[in-house]
Amino acid sequence: MAIILNLDIMMAKRKIGLNELSERIGITNANLSILKNNKAKAIRFSTLEAICRELKCQPGDILEYTNDNEV
Amino acid sequence: MAIILNLDIMMAKRKIGLNELSERIGITNANLSILKNNKAKAIRFSTLEAICRELKCQPGDILEYTNDNEV
Amino acid sequence: MKNEGYKVLSSFIKFIIIALLASDVVVMASLPWTLQWLMSVFYEGNIAIMYAFYMVILYIFGILMLFILNELRVIFNSVEKSDPFILRNVTALKRISKASMITCIIFLVKTFAVNSLMTMVSLFIFFIASLFCIVLAEVFRRAVEYKNDHDLTI
Amino acid sequence: MKNEGYKVLSSFIKFIIIALLASDVVVMASLPWTLQWLMSVFYEGNIAIMYAFYMVILYIFGILMLFILNELRVIFNSVEKSDPFILRNVTALKRISKASMITCIIFLVKTFAVNSLMTMVSLFIFFIASLFCIVLAEVFRRAVEYKNDHDLTI
């Protein structure tokens, strides 16, 4: 997948753990892990909003496009 | 919703129409309209990837977080 | 299973349902005479009271079946159009459940009046069918939610 | 409907299914004697041949019902656990469909040998049930897809 989730980097920058973040954004630990490990197929705007709010960042900080599939 | 989709702005910048973009990224016109009009609940990473590839941009260019809900 | 075969099958079931609906109407329309004839052949005793009893029971049953078959028609209509995940089908299943429970009660009344093995089997079948439909309605309601969620995930 | 009531109902249906499974086993175990007794009371003519015929028919029927009931148990087990959207249930529905069609054929054989209204009604019911289950399996397969999609949308 050419969309990379840099959620772990942002979490490290803000010094926030998986448990704390999942509690704050109100989704289960298991689901947040799926997202963090790039196993998710899609992301809800509500989740993205909650993450941006809690990590005080922009969607661009956690979502990155790399065209590694080309040539 | 505090996540704003600036898909229309990027489309205008790249001078690409709804029909052409929907054809290139392989999703129906109707679905792309839902996305463009901020009616979607979630976005697939595959869709995001296709949009970034075709519009030659980053996710941060089309997704924006505004904390207009606060105070 | 191929989508085409599945559509053909749905259309075929819909056709059977409509045929049953039509038969139900025909049977109900001719019931006063058919019942009189049947009773004159098979029944001995106070015919007038039993005739009235059977007329009431059979007409209520006939109308309930009409109602259930029509709801089934609605469901298979949506299946045929490849769009079964609609709230209307949840409503249909709940209605079928209620109508089945009433049918069950009708058979219970009949069991006390004139018992027969077939009546008891039917009673049990409609009772189970009613419970099945409540559960299926709830399962379907969740499926509709998933479908709507899916439709808004672009 | 409240989730709790729905779970209680599923458990109740599962209980009925298990009770039916147990009855099926008991009836099959006692069949050689029960059938002999029933035939000595109700049947006149060449008992030996008819006894063999009924034994074969009823045992095949009994085993098919055991199979169908067990698959239904699997389905309601998953419903009870609030997770009915699994591929195992699609398989269960397909198996029930096949078993119902075989049951229908058994009844068809019986119709040609010894006809009765109840046999014909049963034949029709199993035929329709078989078709219903194929369609339901396909509808369920799609619901499972939606559910899996939903689970990976965070």
State the [atom1]-[atom2] distance between [X] and [Y], to the nearest 0.5 angstrom.
X	Y	atom1	atom2	value
B:I4	A:E49	CD1	CD	10.5 Å
A:T47	B:K41	OG1	NZ	11.0 Å
B:R44	A:I3	CZ	CD1	14.0 Å

| task | Compare all side-chain heavy atoms of B:F45 with those of A:N38 and state whether any distance is below 4.5 angstrom. | result |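 Side chain of B:F45 against side chain of A:N38, heavy atoms only: no contact under 4.5 Å found.
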| said: Please determine whether the number of non-hydrogen atoms from other residues, nucleotides or ligands lying under 6.0 Å from atom CD of B:E23 exceeds 12. | reply: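 Count not over threshold, so no.
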| Nearest non-hydrogen partners of A:Y65 and B:C57, listed with the distance |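 Here A:Y65 and B:C57 meet closest at CD2-O, 3.8 Å.
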| said: Is B:I62 close to chain A through its backbone or its side chain, or both, or neither, when contacts mean heavy atoms under 4.5 Å? | reply: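 Answer is neither: B:I62 stays 4.5 Å or more from chain A.
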| task | Under 4.5 Å, counting heavy-atom pairs only, tell me which of B:L63, B:I43, B:D61 racks up the most with chain A. | result |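 Of the candidates given, the most pairs with chain A belong to B:I43.
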